[in-house]
Amino acid sequence: MPPSIRFDPSNQTLLTEHGTIQLPPKAFGILTYLCQHPQQLVTKEELLTAVWPGVFVTDAVLKVTIGELRKALADDAKDPRFIETVHRRGYRFIGELPELEAAQAPTLPYASSVPTLESKLNTQPALLGRVSELAQLHKAWEDSLAGHKQSILVQAEAGFGKTTLLNHWLASLPTQQVVVKVQCLDQYGQTEAYQPFMDALIELVTGTQHDLVLSHLKQYAPIWLAQLPPAYQPSHEVKLAEPFGATTGRMLREFADFIEQLSKQLPLIWVIEDLHWSDAASIELLATLIQRQQPARLLLISSLRPSHLQQQTRLKSLLGELAAAQKCQILDLTALNSADLAAYLTEQLPPALNPAWAVELFQRYTEGNPLFVFTALEHIKKSSAYLELAEITPTWLEQAISGGLKTLLAFKFASLHPKETQLLQAASIAISRSTSEGCAAILEQDVLSLEDDYEQLLLKEFWLISSGEYVWPDGSIGESYRFRHKIYQEFIYTTLSAARRRHYHLRLAKRLQAAYQERSAEIAAKLAYHFEQGGDLTQAIHCLQQASRVASQRFAYHEALQQLEHIIELTQIQTKDGLATLDWLEQRCNLLLASGQLALAIPAYQTFIAASETQSNQHTVRGLLGLAGALFWVNRQQCLVTGQGAVTLSETLSDAALTTHARGKLAHWRSIIEGYRPEYREDYESAMRLAQQTNDPTLKCTHFLLYIYYLIITSNYQQATEIALETQQLAKAAGDANSYLGSIFFQAWSYFYLGQWSEMASLIKEALALAEKNAQIHWVTHFQLQQAWLLIYTQDYQQAASLVEPIHQQQQLAPFKTSAYFFSIIILIHLKTKQAELNQAQNYINTINAYLLDDAQAIDWILKLPLYQGIAEFYLQTQQIELALAAAQQLDLLAQQSQEASYIQLAKRLSMACLQALGKTTDI
């Protein structure tokens, strides 16, 4: 730089012999701070704190701003005269930059100058053609600072300036806040559950406010803290209060609680770019954040391309819901009009080179698309013809900007050196940002020399920008880069031959796999994409399996199923192995059933069974058992028919374990639907022995739970309690919440029949707290019914009514009448009889008798025991003795089926009371 250059801090400019260079606000702040610390190492953390006080930004932002400053100073990063980079640590100001004489005044400490610097941000010029949009963003932020949560959707097609608008507005904010900016990724159909939110959490826990963020995560969102990669967790370990995960509902609620509480101390701006590429789980989380009524100093900003909404039906419907409820403001970015375009060209081109007819040409060929305009101008400005012309002719300008953006990009690409072409092609392989280690693996070059090459490419400031440093689990540290626009990356990617693409993807996948090793599940979806594009379908399937498992652990069943469906496609392409395909189809069916999607699970099992019949009878048996399990909830007779079909088929095979498993499940369904029979004992006990010998945690939990039921209905209460405790330990290890809560449910019944009512009450209370916290409504309902039943026996009728009556009303509205509905009626028969509200008790008896008359199997066999007990007690109280005796005898008949001692004794007492009322003294 010529010695005549002066620094004018008062006007934030550099004065040169060629004119004035206006510094961007943050570049000015960095230059001021560096000049005040000459020849000293200034760390990145120090600069971030000084120039972005109270604002969360990443190293990438700092590096980009340093690049702007170097451009203004005409400084070379490899041979610096002003700003020297201290690798991985920070920067040092090594030059001399005299200040303008007119600005001679005592230099204030930088900390004192910050308010002036921040106040100047509001005076920066408005973004061309976006004045109203900027005003709307400012107004929304002001409202959110007052505690009124705001949501804004910025929508426009590629190149219309969504990112530019948001970056410009964020740079203008003077208020202290945390800005979290993440991007959804186009992973070509393979999405990762909660990807933008997990990325944002990692940014937060590694930022300047990490202590506050971690403390809030621990308190309000422990499940989310546990989902973070180990490197970002405190002490690399998170211990949860619960023995296993949560539910989708709890995941959503915890995150919303965390954000709302954090915003009380740190105003939050949460920017999610390219929402049209979001995963389904993130869309539901975004909906939760927007729709909750709790106050928060939170501004949610999303951007998307409307043309991509057709592939995102849930997002499309959500946007309709939010618009109807007026819970989201829409910013539609349109093309630049002629007036805006004329103003922009006047600013960018000298008057002699910017005649009026040029506006019409730009409008015609770019259609006002800001990216097209920018790219065309960049191409024109750097052409040799432009530099030599005294004025622009229509013919020359039309040739220069004709053909659309891709033609212009082709012109830019053709002018690149072959080495630069390779660098860009390597960078285009990554899904989001590329890394120096990744590109070195792709090009099979030394990483340090490659970083130098990329540093030179960044100086051209067209294709790539710096995206900060990265650290991989294997300790690799380097620089990362991203394309200025997704369109640029897509264009560069198309310049690769098919063979080169495959090799590049495979090299990157193997390098990432080596870097992450045992932590590869963290990037499983990305690895799967690269291995698939690289032609290694075996590795792709393995990674997709990891991705599906991670999604299931996050209760993001849509993504888990999506990964399984893609595995099925790849398996059919790779091996044509029908058995392997059947294994994946079976997993898909089981996941649909586990997630409660009966309407999808039943036809999926039917399809699976049809596919397995010509290939594997073992698969067919398992499919029939799965289908029977689904039918249990909607068609019990068909459940038994299907279960019997599974047993019959299994007995034709040479697989004793499978037959034992099938007979055990069928015996259990029959015990519930038709009633226990002595011949079922061997099936229950054989299945239990099989479970004790297996290493399959699912099989263990399944038959341990069924065996507890068998022990209770045969009056082996103490042994049932012991097996229930063992099942809980197994369920903890397997992460099986259903088996864990089911074993507690049966343990509580054991306590009831053993007379340990205080222990039962405590156990139910603990289980209810866990079920409610995890939003497991099915178990909440069952534990509340258990609680109401116990309260009747402790004569707290009012509290019992407050629990059971709302459940009954809710269950009446359900499309399928399950055990919860019938048990609520049975409890109400007992309750209303005890309260002498006999008309109501009679109505409930009439209701349940109507169901029994229509379908005797509609009600669980075990529920008929307390039912006939309640009916007998009601008829005794209303002096209908003959009816009471009939009910008591029916109770005895049922109890004798399994030798259920408690109800056998109850039946005897009730029968005796009836006989005494009839004047008969015959011994029972």
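Remember, it's a predicted structure, so these values are computed and weren't measured experimentally.
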> If you count the non-hydrogen atoms of other residues, nucleotides and ligands that lie under 6.0 Å from CZ in R500, is the total more than 12?
Replying inline: no
> Considering residues, nucleotides and ligands other than H503, do more than 12 of their heavy atoms fall under 6.0 Å from its NE2?
Replying inline: no
Heavy-atom closest contact ([X] atom, [Y] atom, distance):
X: G478; Y: E451; value: CA-OE2, 3.3 Å
X: G438; Y: W472; value: N-CH2, 3.8 Å
X: P196; Y: I272; value: CB-CG2, 4.3 Å
X: L527; Y: C543; value: CB-SG, 3.6 Å
X: C184; Y: D274; value: CB-O, 3.1 Å
X: L331; Y: E133; value: CD1-O, 4.1 Å

Would you say that [X] contacts [Y] through its side chain, given a criterion of any heavy-atom pair below 4.5 Å between the two side chains?
X: L134; Y: V131; result: no
X: S278; Y: L315; result: no
X: E46; Y: Y33; result: yes
X: L458; Y: S466; result: yes
X: R130; Y: H168; result: no
X: L137; Y: L165; result: yes
X: L424; Y: T495; result: no
X: I83; Y: I30; result: no

>> Using the rule given for side-chain contact (heavy atoms from CB on, under 4.5 Å), can you reason through L464 versus R484, listing the C-alpha separation, both sets of side-chain angles and the distance that settles it, and then say yes or no?
In response: CA-CA 6 Å; L464 294 177; R484 283 191 173 272; over 6 Å; no
Spacing of [X] atom [atom1] and [Y] atom [atom2] [to the nearest 0.5 Å]:
X: I523; Y: I431; atom1: CD1; atom2: CD1; value: 9.5 Å
X: L336; Y: L341; atom1: CG; atom2: CG; value: 6.0 Å
X: F197; Y: D279; atom1: CZ; atom2: CG; value: 8.5 Å
X: L512; Y: D474; atom1: CG; atom2: CG; value: 10.0 Å
X: Q422; Y: L457; atom1: CD; atom2: CG; value: 12.5 Å
X: T32; Y: H37; atom1: OG1; atom2: NE2; value: 11.5 Å

> Among R482, K181, K162, K486, which one satisfies salt bridge (charged side-chain N to carboxylate O under 4.0 Å, His left out) with E273?
Replying inline: K181
> Does R507 pair with E444 as a salt bridge, N-O distance under 4.0 Å?
Replying inline: yes
Quick one: does [X]'s side chain have a donor or acceptor within less than 3.5 Å of a partner on [Y]'s backbone?
X: S434; Y: Y481; result: yes
X: Y454; Y: L423; result: yes
X: E157; Y: S307; result: yes
X: S520; Y: Y516; result: no
X: S480; Y: S467; result: yes
X: Q533; Y: R502; result: no

> E437 and I477: side-chain contact (heavy atoms from CB on, under 4.5 Å), yes or no, with the steps?
Replying inline: CA-CA 8 Å; E437 282 280 356; I477 302 174; over 6 Å; no
>> Once salt bridge (Lys or Arg N to Asp or Glu O under 4.0 Å) is applied, do any residues pair with E479, and if so which ones, sequence neighbours excluded?
In response: K63, R88
Do the rings of [X] and [Y] sit parallel, tilted or perpendicular, given the 30° and 60° boundaries?
X: H308; Y: W277; result: perpendicular
X: F82; Y: F93; result: tilted
X: W463; Y: Y488; result: perpendicular

For [X] and [Y], does a side-chain donor sit closer than 3.5 Å to a side-chain acceptor?
X: D199; Y: Q195; value: yes
X: S476; Y: R511; value: yes
X: Y470; Y: S436; value: yes

> After noting the C-alpha distance and the side-chain angles of E532 and H566, does the key distance pass the side-chain contact (heavy atoms from CB on, under 4.5 Å) rule?
Replying inline: CA-CA 11 Å; E532 182 180 351; H566 195 49; 2.7 Å; yes
> Is there a side-chain contact (heavy atoms from CB on, under 4.5 Å) between Q513 and Q539 once you walk through the steps?
Replying inline: CA-CA 10 Å; Q513 198 173 48; Q539 285 286 356; 3.2 Å; yes
